[in-house]
Amino acid sequence: MGKVYVFDHPLIQHKLTFIRDKNTGTKEFRELVDEVSTLMAFEITRELPLEDIEIDTPVSKANAKTLTGKKLGIVPILRAGLGMVDGILKLIPAAKVGHVGLYRDPETLKPIEYYVKLPSDVEERDFILVDPMLATGGSAVEAINSLKKRGAKNITFMCLVACPEGVEAIQAEHPDVDIYIAALDEKLNEKGYIVPGLGDAGDRLFGTK
Ligand code: PRP
Ligand code: URA
């Protein structure tokens with residue numbers, strides 16, 4: 001079973017409080033999502049492999065560490081996942097960015113796919129799939145299906161707010177996928193919103209309603 005990692009870093013928890021607050025406006029919401037995504041990316045890259053290289057410092061030769069050049073891909077689930085991409089790219093600027101477009105049918109809550117574009121060397125990359133919300137889990141499960149169908153072998157899912165139903169859905173369908181979460185909330189309400197959650201992430205990021 002993939003691991004479920006809930007971030008307890010004080011900076012992440014502090015910023016998430018303002019993201020949740022309904023009085024936080026679009027500009028600040030977007031900035032905070034960007035900042036939390038950077039902080040989460042710092043943690044998520046903790047196990048990237050390193051190799052030794054020899055360099056010259058101004059004083060002497062030195063054996064120093066460098067990333068092995070492992071190929072990474074970031075895939076936001078459109079549209080709300082877009083708000084997390086720049087924050088991650090600040091730390092791993094060489095990553096390629098794919099896109100999976102899905103929206104939740106408001107009646108059935110089932111995901112409808114409308115767009116997919118991935119890097120051409122999909123089989124060689126490790127992917128970080130990002131979306132601020134993991135609610136029923138339908139969108140994440142479908143996006144992972146979409147990546148795997150195109151050859152992706154190593155996928156990590158990263159979101160801001162999840163609920164137990166969404167985590168269970170990923171674990172049931174994709175037990176190989178590790179899940180990184182800033183907060184695990186209590187439940188889903190009858191409309192499929194996470195409680196207490198933060199509302200509609202896409203609308204709050206883009207100022208739509
Ligand atoms: C939201 C959110 C997730 C999905 C989560 O997107 O960004 O993609 O709902 O819900 P689920 O786990 O029940 O599938 P939405 O469908 O509202 O589309 P948007 O990003 O275009 O606003
Ligand atoms: N999508 C959102 O944007 N928010 C929720 O609470 C659930 C799904």
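We're numbering straight along the sequence, starting at 1. All ligand and atom numbering here is 1-based and tracks the order in the structure.
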Check your understanding: Is it true that Asp200 and Arg104 have a side-chain N and a carboxylate O under 4.0 angstrom from each other?
Key -> no

Study note, to complete from the structure: Atoms of ligand 2 under 4.0 Å from any heavy atom of Ala135, numbered from 1 in the order shown, are 7 (C), 8 (C)

Check your understanding: How about Arg150 and Ser146: does a side-chain donor come under 3.5 Å of a side-chain acceptor?
Key -> yes

Check your understanding: Under a heavy-atom criterion of less than 4.0 Å, does Arg104 contact ligand 2?
Key -> yes

Exercise for review: Could you say whether the N/O atoms of Ala201 and ligand 2 ever approach to under 3.5 Å?
Suggested key: yes

Check your understanding: Is it the case that one hydrophobic cluster holds both Val33 and Val130, taking links as side-chain heavy atoms less than 4.5 Å apart, direct or via other members?
Key -> yes

Review point. Under 4.5 Å between any side-chain heavy atoms of Leu72 and Phe127, yes or no?
Key: no

Check your understanding: Cut-off 3.5 Å, side chains only: do Asp178 and Thr156 have a donor facing an acceptor?
Key -> no

Exercise for review: Give the numbers and elements of all ligand 2 atoms closer than 4.0 Å to a heavy atom of Gly192.
Suggested key: 7 (C)

**Study point:** Pro76 vs Val97 side-chain heavy atoms within contact, under 4.5 Å
**Key:** yes

Check your understanding: Going by the atom numbers of ligand 2, which of them fall below 4.0 Å from some non-hydrogen atom of Gly199?
Key -> 2 (C), 3 (O), 4 (N), 5 (C), 6 (O)

Review point. Could a heavy atom of Gly197 be found less than 4.0 Å from some atom of ligand 2?
Key: no

Point to revise | Residues Asp34 and Lys90 bridged, charged N to O under 4.0 Å | key: yes

Tabulation required: pairs of a nitrogen or oxygen in ligand 1 and a protein nitrogen or oxygen under 3.5 Å; columns are atom names and distance to 0.1 Å; otherwise 'none'.
from: ligand 1; atom 1: 7 (O); to: Asp131; atom 2: OD1; distance (Å): 2.9
from: ligand 1; atom 1: 8 (O); to: Asp131; atom 2: OD2; distance (Å): 2.4
from: ligand 1; atom 1: 12 (O); to: Ala135; atom 2: N; distance (Å): 2.9
from: ligand 1; atom 1: 12 (O); to: Thr136; atom 2: N; distance (Å): 3.1
from: ligand 1; atom 1: 12 (O); to: Gly137; atom 2: N; distance (Å): 2.8
from: ligand 1; atom 1: 13 (O); to: Arg104; atom 2: NH1; distance (Å): 2.7
from: ligand 1; atom 1: 13 (O); to: Thr136; atom 2: N; distance (Å): 2.9
from: ligand 1; atom 1: 13 (O); to: Thr136; atom 2: OG1; distance (Å): 2.5
from: ligand 1; atom 1: 14 (O); to: Ser139; atom 2: N; distance (Å): 2.9
from: ligand 1; atom 1: 14 (O); to: Ser139; atom 2: OG; distance (Å): 2.6
from: ligand 1; atom 1: 16 (O); to: Arg104; atom 2: N; distance (Å): 2.8
from: ligand 1; atom 1: 20 (O); to: Arg79; atom 2: N; distance (Å): 3.0
from: ligand 1; atom 1: 20 (O); to: Ala80; atom 2: N; distance (Å): 3.1
from: ligand 1; atom 1: 21 (O); to: Arg79; atom 2: N; distance (Å): 3.4
from: ligand 1; atom 1: 21 (O); to: Arg79; atom 2: NE; distance (Å): 3.1
from: ligand 1; atom 1: 22 (O); to: Arg79; atom 2: NE; distance (Å): 3.2
from: ligand 1; atom 1: 22 (O); to: Arg79; atom 2: NH2; distance (Å): 3.0

Revision key, fill the gap. One finds that the ligand 2 atoms under 4.0 Å from a non-hydrogen atom of Ile194 are 5 (C), 6 (O)

Review point. Between Arg79 and Thr208, do the side chains contain an N or O donor and an N or O acceptor separated by less than 3.5 Å?
Key: yes

Review point. Do Met133 and Leu188 belong to the same hydrophobic cluster, where Ile, Leu, Val, Met, Phe, Trp and Tyr are linked whenever their side-chain heavy atoms lie under 4.5 Å apart, directly or via other members?
Key: yes

